[in-house]
Amino acid sequence: MQPEQRKREIVAEAWRLLEPGGRYAIHELALVPDGLDPVIGQEVAQALSQTIHVGARRCHRRRGERLLIDQGFSITTTAAAPMALLEPRRLLRDEGRGVLRLAVNLLRDGDARR
């Protein structure tokens, strides 16, 4: 969720710190498909940022892979999974008892429910 320049800095530092043959694993919030209309991508990023209160940056899988390759990494494995931030099991696992506070807030706040 970092801006593009910061992502470059992070990947460069990982490259610097790794010993030869070392592995670097990351996860990235990616929009699919890669050819998604940029206007839609921007709308999704804005909605997500407002919902989770974190500056979500749109990224496309190929762009993320290019960032790593340009730094010198070779990609051995990639995987994709749907985002599950607001699924009940995931919320319970991530937030524990905080889920009760979230539920109360949702009951009180119509905007939050929407």
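Residues: numbered from 1 along the sequence shown.
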Reported [atom1]-to-[atom2] distance for the pair [X] and [Y], which is rounded to 0.5 angstrom:
{"X": "E9", "Y": "E4", "atom1": "CD", "atom2": "CD", "answer": "11.0 Å"}
{"X": "Q5", "Y": "I10", "atom1": "CD", "atom2": "CD1", "answer": "10.5 Å"}
{"X": "L100", "Y": "E95", "atom1": "CG", "atom2": "CD", "answer": "11.5 Å"}

For N105, side-chain hydrogen bond (donor to acceptor under 3.5 Å, both in side chains) partners two or more places apart: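 So N105 forms no side-chain hydrogen bond (donor to acceptor under 3.5 Å, both in side chains) with any residue.
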
Mind listing the side-chain donor-acceptor pairs of residues 65-76 below 3.5 Å, one per line with the distance, residues two or more places apart or on another chain?
residue: R66; atom: NH1; partner: D70; partner atom: OD1; Å: 3.0

Taking CZ in R62 as the centre, count heavy atoms belonging to other residues, nucleotides or ligands within less than 6.0 Å. Is the count above 12?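 No, not enclosed.
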
